[in-house]
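What follows is a single structure, written as structure tokens, with notes after it.
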Amino acid sequence: MQDFPWEFETLAVRSGHVRTAEGEHSEAIFPTSSFVFGSAAEAAARFGGTQPGNIYARFTNPTVRYFQERLAALEGAESCVATSSGMSAILAVMLGLLKAGDHVVCSRSVFGTTTLLLQNIIGKFGVTFSFVELTDMAAWEAALQPNTRLLFVETPANPLTEIVDIRELADLAHRHGSLLVVDNCFCTPALQRPLELGADIVVHSATKYLDGQGRALGGAVLGDKERVGKDVYAILRNGGITMSPFNAWIFLKGLETLSLRMKAHCDNAMQLAQWLTTHPNIAAVHYPGLASHPQHELAQRQQSGFGGIVSFVVNGGQEAAWKVIDATQMLSITANLGDAKSTITHPATTTHGRLTPEQKATAGIADGLIRVSVGLEHIRDIQRDLARGLGE
Ligand SMILES: *Cc1c(COP(=O)(O)O)cnc(C)c1O
């Protein structure tokens, strides 16, 4: 046992694992659907909750538990519930914490599928939603209703990397008796710990940086024992949105290198953003590390790094943007992000393609906008690949 509190990097490598009698050094995978009890009385005690231990892998599996405990240590959370995907983590929060008649205020700049899940699916069960500009505090306040139960944000947001003050938003939520939920996918706990800033719940798509190598789908919900440990856990146990032990093992390995990888993503992204600002054919670069970013100072305060996502607008609209994308030979044309491999996306015709021209204009999704999830390749190769279609 540790006799002093471990630092983040140490927790990422060492926490959560309980070695079995076999003495394995790396975490074991437990591909078993159920667990055996020593006696009828022990089975009764496990089911009755008076004796802790494994029961059935829909809601108890050692490999998954290792991952939950490691991620909880990194986010500074009392409880963590691992889920089958990032979307099922958000689903579990909504089903676990809301009831008919409740209201949610959500940032307009959230993952597209999150908006569809809330409006089209959770909305069927008598929950109502308001969508506001992420950085407009007056709009958040104005949208609050007596029945507002949750505020939901992603920060930095996709694809323009706008940032909201988590502490300020958490204070607003608490003054109105609501909870703040933060999707911490872009930063990960290596760069930002929303619970320490006053947020109540953190959700993750582990599919992105927590794995970091594009291998598996998974998600997690983190927060206190009551809401996450009981209410969200009940959705896992009864709804079966379970993370597979194989995926949990991948994410455990991903967490071990999270801190190093995030530093490298940030370094590459910063260099790419600076290079792009000097390019004559680029009209705008969005990256929280640039002094020109509207929330640059907030990012310095709230995050310990500026992240791996850079977006920029090329002169010449969609045609010019597609030319840059199609000229790349190394970058992967895919909407995925948070991978060791750099990826490139044209938001206006993919992730944000369902928006009307007016909605795109309000959301700042220009036709020339390109989003790059900056990977771990050498920065010179990323620049050379992008330079091909940018012209001089
Ligand atoms: C990808 C993503 C999700 C959804 O996660 P899945 O693992 O694909 O279900 C949710 N939020 C954000 C910010 C994401 O990037």
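Counting convention: from 1, in listed order, for ligands and their atoms alike. Keep in mind it's a predicted model, so treat the numbers as computed, not measured.
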Of the listed options Asp183, Ile90, Leu117, closest to atom 12 (C) of ligand 1 (non-hydrogen atoms):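 Result: the heavy atom closest to atom 12 (C) of ligand 1 is in Asp183.
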Atoms of ligand 1, numbered as shown, that sit under 4.0 Å from any heavy atom of Glu154: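 Within the 4.0 Å cut-off of Glu154, ligand 1 contributes 13 (C).
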For Thr207, atoms of ligand 1 separated by under 4.0 Å from a heavy atom: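 By the 4.0 Å cutoff, the relevant atoms are 6 (P), 7 (O).
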Ring center gap for His265 and Tyr209 short of 6.0 angstrom: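 Yes; Tyr209 has its ring centre under 6.0 Å from that of His265.
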Aromatic ring proximity, centroids under 6.0 angstrom, His293 and Phe306: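 Distance test on ring centres: not under 6.0 Å, no.
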Decide whether an N or O pair under 3.5 Å exists between [X] and ligand 1.
{"X": "Thr114", "result": "no"}
{"X": "Gly86", "result": "yes"}
{"X": "Leu217", "result": "no"}

Test item, Gly218 contacting ligand 1 (heavy atom, 4.0 angstrom):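 For ligand 1, residue contact (heavy atoms, under 4.0 Å) with Gly218 is present.
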Plane angle bin for Phe59 and Tyr56 - parallel if under 30°, tilted between 30 and 60°, otherwise perpendicular: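 Correct class here is tilted.
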Side-chain donor or acceptor of Thr343 paired with backbone N/O of Asn336 under 3.5 Å: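 Yes; judged by distance alone, with no hydrogens or angles, the pair exists.
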Suppose we measure from [atom] to each protein heavy atom; which comes out shortest, and what is that distance?
{"atom": "atom 9 (O) of ligand 1", "value": "Met87 N, 2.9 Å"}
{"atom": "atom 1 (C) of ligand 1", "value": "Lys208 NZ, 1.4 Å"}
{"atom": "atom 5 (O) of ligand 1", "value": "Ser205 OG, 3.0 Å"}

Any side-chain heavy-atom pair of Arg149 and Ser178 under 4.5 Å: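 Sidechains of Ser178 and Arg149: no contact.
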Arg19, CZ: over 12 other non-hydrogen atoms inside 6.0 angstrom: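 Yes, CZ of Arg19 has more than 12 neighbouring heavy atoms, counting only those of other groups under 6.0 Å.
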Residue among Asp381, Val374, Ile325, Val372 satisfying side chain to side chain contact (heavy atoms under 4.5 Å, CB included) with Leu331: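 Exactly one candidate clears the test, Val372.
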